[in-house]
Amino acid sequence: MSSNSRNSIDNSEKLDEFTNNSTNVLTNIESAEEKRLLKKIDLRIIPLVTLLYTLSFLDRGYVLFEVPSNIALIKIKPSIWISTLMVGWGIIMTGMAFVKNFSELMAVRFLLGAFESGLFPGVVFYLTKWYKKSERTYRISLFFSGATIAGAFNGLLAYAITNLDGKFNLHGWQWLFILDGVMTVIVAFFSYFLISDYAETASWLTEDERKLAVDRLRYDGGHAHTTHFDKHQILRAFKDSKIYIYMCLYFCLLVTLYSFSFFVPTIVNGLGFNTVISQLLSTPPFVLGCISCLVIAKLSDNFGVRSPYLLFCILVSIFGYAILIVPNASTPAKYTAVCIVGLGAFPTIPTMLAWLTNNLAGDSKRAVGTAMVIAWGNIGGVISAQIYRSSDAPAYKTGHSIALSLLVVAVIITIIQHYLLKRINKYKLENPELFLKGSNGDASHLGDSHPSFIYGL
């Protein structure tokens with residue numbers, strides 16, 4: 001018997017053994033005990049990460065540091081790494097109040113981005129350490145929506161803080177940076193003690209709960225479940241074509257969402273409303289978007305698919321932008337279109353990120369792949385600030401057309417990714433030995449390339 005055939009038999013035997021040993025775990029997974037555990041985890045994890053993300057909501061545009069930060073997060077406890085990042089950006093934020101010239105501002109802004117960059121991809125990866133694939137869309141949506149709603153009040157907070165103008169000979173904008181930075185440092189101090197690193201070490205869980213929390217994730221990941229640092233998986237992330245497809249998809253979605261979020265008041269103002277009314281009418285699209293986030297996430301998790309719901313949301317946004325481009329549409333119709341765009345645009349990000357993380361197995365590959373996608377998307381954050389130009393007021397046809405075009409591209413990319421993943425799943429079922437070639441009997445580093453790992457659609 002050849003060594004390759006022997007290895008295939010060995011791996012098949014391991015798969016059977018894993019399935020048999022997991023029967024008891026599966027029984028636990030379907031029990032009321034797990035539902036109680038999930039509620040406990042939700043109450044402990046989601047509010048805290050939402051608060052942390054809200055504190056970083058002020059700034060965007062970092063690209064270089066997401067991947068190194070997530071690699072560090074594999075090896076360093078989340079309570080240490082995330083809290084240290086927060087202390088760093090809190091101190092730097094405070095220091096921004098005292099910059100004297102443009103060079104100092106750019107230097108401090110660069111450092112601020114370096115520290116803040118690790119939070120969003122870090123939190124997304126951190127959630128995968130607590131939740132199964134069938135639970136992630138809703139949890140990502142919870143913290144994403146919570147931070148978005150909180151961010152809607154940033155303007156009111158900033159207005160209140162700028163009223164301190166002149167106190168202790170400091171300008172209002174200086175107070176804004178000082179108080180924001182000090183608040184971040186204070187929260188970071190408590191985060192060292194409040195962030196729970198991993199389920200197996202969570203002191204607020206009982207011994208049985210810790211075992212269930214670990215077992216359910218191990219069963220969910222199957223043979224692809226690995227938690228140790230693995231440089232082979234990191235290299236696999238950089239060679240994985242599906243990650244680059246996700247990067248292009250995320251870029252299209254993020255340019256659209258960021259441009260919409262940044263310019264909703266401007267777009268509404270262009271419909272003929274004054275500045276105050278425009279600010280007030282900017283709130284409903286955000287609220288509707290956050291509600292649709294949670295509804296779509298719940299449906300997506302319950303039915304176990306991501307791409308159909310992602311496509312639906314993109315098409316809803318396309319419909320909204322199409323109305324906005326129509327020159328003779330009435331003001332009520334155009335404002336309704338703005339709300340429709342919000343309904344479709346906001347759920348695309350958590351749905352897409354859940355689809356991504358569900359299809360990356362092995363902690364090292366998932367951490368790096370997630371960071372790669374988010375880093376590339378943040379380039380879109382820079383572009384999104386440029387597509388709505390004052391010269392295009394009041395119709396902003398150019399900005400709407402660019403957003404609509406990117407969404408059309410996103411539809412095409414989503415369909416292509418769905419097809420490719422479905423085809424790979426077919427190959428895995430028809431010829432699993434092909435995916436074990438070169439493993440030399442050790443398939444632990446294969447991650448989602450393992451034939452037992454079926455990609456989510």
Side-chain angles (χ1 to χ4, degrees), residues 44-66 68-70 72-73 76-100 104-127 140 142-165 167-168 170-197 258 261-262 371 374-375 378 381:
R44 181 73 185 217
I45 301 297
I46 300 299
L48 182 57
V49 296
T50 301
L51 174 62
L52 304 187
Y53 184 51
T54 301
L55 290 171
S56 74
F57 210 67
L58 182 65
D59 292 280
R60 288 293 180 270
Y62 18 76
V63 176
L64 299 176
F65 303 101
E66 281 93 340
S69 179
N70 262 22
L73 188 57
I76 302 173
K77 292 179 179 179
S79 59
I80 301 297
W81 183 247
I82 293 176
S83 301
T84 300
L85 290 177
M86 291 182 65
V87 169
W89 95 59
I91 292 173
I92 294 168
M93 179 74 76
T94 306
M96 288 185 73
F98 304 101
V99 296
K100 302 299 183 184
E104 290 180 2
L105 176 63
M106 289 296 97
V108 174
R109 184 62 188 85
F110 177 83
L111 292 174
L112 180 65
F115 280 93
E116 273 194 332
S117 63
L119 183 69
F120 186 58
V123 167
V124 173
F125 170 65
Y126 175 69
L127 291 177
I140 295 174
L142 277 174
F143 101 87
F144 183 77
S145 299
T148 301
I149 290 293
F153 295 96
N154 276 351
L156 294 176
L157 179 62
Y159 177 77
I161 292 175
T162 52
N163 283 333
L164 295 173
D165 187 63
K167 298 289 185 181
F168 299 100
L170 294 174
H171 297 289
W173 65 267
Q174 290 177 299
W175 280 113
L176 184 62
F177 284 122
I178 291 171
L179 293 180
D180 195 356
V182 170
M183 191 190 321
T184 300
V185 172
I186 291 172
V187 172
F189 173 77
F190 287 104
S191 296
Y192 280 109
F193 308 99
L194 293 177
I195 294 178
S196 302
D197 295 313
Y258 273 8
S261 301
F262 292 159
I374 292 175
N378 279 330

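These values consider heavy atoms only, across backbone and side chains, with no hydrogens, waters or symmetry-generated copies.
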What's the separation between atom [atom1] in [X] and atom [atom2] in [Y], rounded to the nearest 0.5 Å?
X: L194; Y: I45; atom1: CG; atom2: CD1; answer: 10.5 Å
X: D197; Y: I82; atom1: CG; atom2: CD1; answer: 9.0 Å
X: L176; Y: M93; atom1: CG; atom2: CE; answer: 8.0 Å
X: L51; Y: S191; atom1: CG; atom2: OG; answer: 7.0 Å
X: T84; Y: F115; atom1: OG1; atom2: CZ; answer: 9.0 Å
X: Y126; Y: S79; atom1: OH; atom2: OG; answer: 8.0 Å

Closest approach of [X] to [Y] (non-hydrogen atoms, all atoms of both residues):
X: I178; Y: A97; result: CG1-CB, 3.5 Å
X: P121; Y: E66; result: CG-CG, 3.6 Å
X: R44; Y: F193; result: NH2-O, 4.3 Å
X: F65; Y: S117; result: CB-OG, 3.0 Å
X: T50; Y: L142; result: OG1-O, 4.3 Å
X: I91; Y: V185; result: N-CG2, 3.8 Å

Can N70 and I374 be said to form a side-chain contact (heavy atoms from CB on, under 4.5 Å), step by step?
CA-CA 11 Å; N70 262 22; I374 292 175; over 6 Å; no
- Message: Is the shortest side-chain heavy-atom distance between M96 and L112 below 4.5 Å?
- Response: yes
Subject >> Heavy-atom side-chain contact between V123 and L52 under 4.5 Å >> reply: no
Is there a donor-acceptor pair closer than 3.5 Å between any side-chain N or O of [X] and the backbone N or O of [Y]?
X: T184; Y: G90; value: no
X: Q174; Y: L170; value: no
X: W81; Y: G118; value: no

Exactly one of I186, I195, V187 clears side-chain contact (heavy atoms from CB on, under 4.5 Å) with M86, and that residue is V187
task: For the residue pair Y53 and F143, categorise the inter-ring angle as parallel (less than 30°), tilted (30 to 60°) or perpendicular (more than 60°).
output: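 Perpendicular.
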Check: Would the number of heavy atoms belonging to other residues, nucleotides or ligands and lying under 6.0 Å from CZ of F189 be above 12?
Finding: no
- Query: Could you walk me through whether L119 and W89 pass the side-chain contact (heavy atoms from CB on, under 4.5 Å) check?
  - Reply: CA-CA 11 Å; L119 183 69; W89 95 59; 3.7 Å; yes
Between F177 and T94, is a side-chain contact (heavy atoms from CB on, under 4.5 Å) present by the stated rule, with each step listed? CA-CA 5 Å; F177 284 122; T94 306; over 6 Å; no
Query - Check against side-chain contact (heavy atoms from CB on, under 4.5 Å), L127 and I140 - result: CA-CA 8 Å; L127 291 177; I140 295 174; 4.0 Å; yes
